[in-house]
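One structure is given here, and the rest of the page talks about it.
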Amino acid sequence: MTDVKILDIQSNIDSHIDWPSLMDKEVELTGMVQNIRLPKWGAFIILRLSNYNIQTVVENGKINIDPATIPVESTIRIKGTVRQSQIKDLAIFPRNAEIQVNHIDILSVPSLPALPLDTTKKDIEAGLDTKFTLRPLTLRHPKQRAIFKISATIFNEFGNFLTQNGFTRICSPKIVFSGAEGGANIFKLEYFDRNAYLAQSPQFYKQMMVGAFGRVFETGPVFRAEKHDTSRHLNEYVSMDIEMALQNGYEELIQVETNALKYIFDKVASDCANEVALLGIEMPVIDKIYTFRFNDIKQIIFDKYGKDYRGEKDLCPEEEALISQYVKETYNSDLVFITHYPTIKRPFYAMPDPANPDETLSFDCLFRGLEITTGGERLYKYDDYVTNMKKRGMNVDLFQSYLQTFQYGMPPHGGLGIGLERVTAQLCGLSNVKEASLFPRDINRLEP
RNA sequence: GAUGAUGUAGCGCAGCUGGUUAGCGCAUCGGCCUGUCAAGCCGGGGGUCGCGGGUUCAAGUCCCGUCUUCAUCGCCA
């Protein structure tokens, strides 16, 4: 007599299936009905499994139920035999195998008489608002799944690459005492009997951790209370952050980022080959790094396209598009780094260029016309922080828990942040970053 | 917040200078089709044209107000 139930630790939890080795063998699978096509003699049921859709074939009279009565999005368990096949549909994988079904159990069916939109076609015919409102349904579409499979791969391989290169993953708090940059664009919340904020960046914490590990990275959500309303902004997004001690200045950061992106894109190409094909993605080729100084590229854009932004202290969206166009046409590169941003546009921790304090040793990375990264060298001496913050009219006392880092001594260091949704959107050719977010948060949308 | 669009069936859309009973595709329902390729063929049902006023013999269509969504900009990743 005992109350304990003991489970076998050896049970197989891997859902990957080696189809060639199963040819002509009996299998049992549970999945959801992605689509069902009904010729007179039976049915092709496209079954959605954890990572792909497989084709199953049913012949009338040979199984226990009429396949025509199974609604799309039902969950079914099938028993059948793996057969050779030749399938043209890119949304189905594997395309050289199918399952000849001999038994079906229906585990659940949708409770609605009809689904609110059709997910069985090549594309979802719906506007952005409808897509997001019906997110639990729209995310079941193969092309939507492909976007987030690729996004997950970018996220994972960013971590893998950095881990392999001596970086330590950190998880900094998202509930913070004050906004990283001290701006007003942060979400306020109640923290017991006082106020706290949602972190707009892991900036302070990743710098603190450079003192401990030298090289750190973090992948996690950040929150921006800005009332921006554009196709490239979210109020909550996933930031992929790096911070590291530097031996060769900001160019070392550019090299680390480029190598990380190259590694990530190679992994996407190999591990997400089906998704890349389904979405028709042309993968970027990265073999050299192209950098331009902020002032120089403005001159080039003026000379080349006649657009004069030379007086502006930042890059506007049209300029970013033109710069990417120029670099693509001239060097066939999808990536470009713009360095030496004006000090006035950078935060207090940015390191001014010793040769010209009006410029910083910082950079942005543009990918196919959109800014995906900001990074740069940081101040690393306590006195420099105090001087610079006072010059900017900041209250040094409020930042003491952060500034202690520099009192204890810090190496020259720098870092960068990459927007996951932006990289995903640009890679997948999405016209709005919100489409690269599972459940986007913008000025109007808080659910689902 | 500014500017410009937008709102017609569950979804995506058409609907001309105002004029019969508001259409098309998908979905849905019924029937047909011997291997489909995000199927194909035939038929049925489904709409207070965002909301509120106004002009007119007559408004989806014109005017005013209001809300929604989308795009662009500011800011940023």
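Worth knowing before you read on, the calculation uses all heavy atoms, side chains too, and leaves out hydrogens, waters and symmetry mates. The chains referred to below are lettered A, B, ... by the order of the sequence lines, with proteins before strands, and numbering in each begins at 1.
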Its contact letters, B for base, S for sugar-phosphate only and - for none at protein heavy atoms under 4.0 Å, make nucleotides 6-13 of chain B read ----SSS-
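- Other residues, nucleotides and ligands contribute over 12 non-hydrogen atoms within 6.0 Å of the CG atom of A:L112.
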How would nucleotides 71-77 of chain B be written as a contact map, 5' to 3', with B for base contact, S for sugar-phosphate-only contact and - for no contact, using protein heavy atoms under 4.0 Å? SBBBBBB
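- B:rC11 and B:rA27: their C1' atoms are spaced 7 Å apart (whole Å).
- Against RNA chain B, the stretch residues 144-169 of chain A makes no heavy-atom approach under 4.0 Å.
- Contact between the side-chain N/O atoms of A:K122 and the OP1/OP2 oxygens of B:rA38 is not found at any separation under 4.0 Å.
- As a whole-Å value, the separation of A:I443 CD1 from B:rG1 C1' is 9 Å.
- Nucleotide B:rC70 holds its C1' atom 9 Å from the CG atom of A:D129, rounded to whole Å.
- Taking atom P in both B:rG18 and B:rG60, one finds a spacing of 13 Å when rounded to whole Å.
- Separation of the P atoms belonging to B:rC67 and B:rU28 is 38 Å when rounded to the nearest angstrom.
- In this structure, A:R37 fails the cation-pi test against A:F44, since its NZ or CZ atom is not both closer than 6.0 Å to the six-membered ring centre and inside 45 degrees of the ring normal.
- No cation-pi contact links A:R392 to A:F348, judged by a cut-off of 6.0 Å to the six-membered ring centre and 45° from its axis.
- Rounded to whole angstrom, the span from the CZ atom of A:R83 across to the P atom of B:rU36 amounts to 19 Å.
- Heavy atoms of A:E98 sit under 4.0 angstrom from at least one base atom.
- Salt bridge absent: A:E371 and A:R232 never bring a charged side-chain N and a carboxylate O closer than 4.0 Å.
- The phosphate of B:rA39 has neither OP1 nor OP2 within less than 4.0 Å of any side-chain N or O from A:K88.
- One can find a donor-acceptor pair under 3.5 Å joining the base of B:rU36 and the side-chain atoms of A:Q55.
- One C1' atom belongs to B:rG44, the other to B:rU3, and the distance between them is 47 Å to the nearest Å.
- Inspection of the A:H103 and A:D105 side chains reveals an N or O donor paired with an N or O acceptor under 3.5 Å.
- Comparing the P positions of B:rG54 and B:rA14 gives a spacing of 30 Å, expressed to the nearest Å.
- Stacking here means ring centres nearer than 5.5 Å and ring planes tilted less than 30 degrees, and by that measure A:F44 stacks onto B:rU36.
- Among the atoms of the strands shown, base atoms are found under 4.0 Å from some heavy atom of A:L278.
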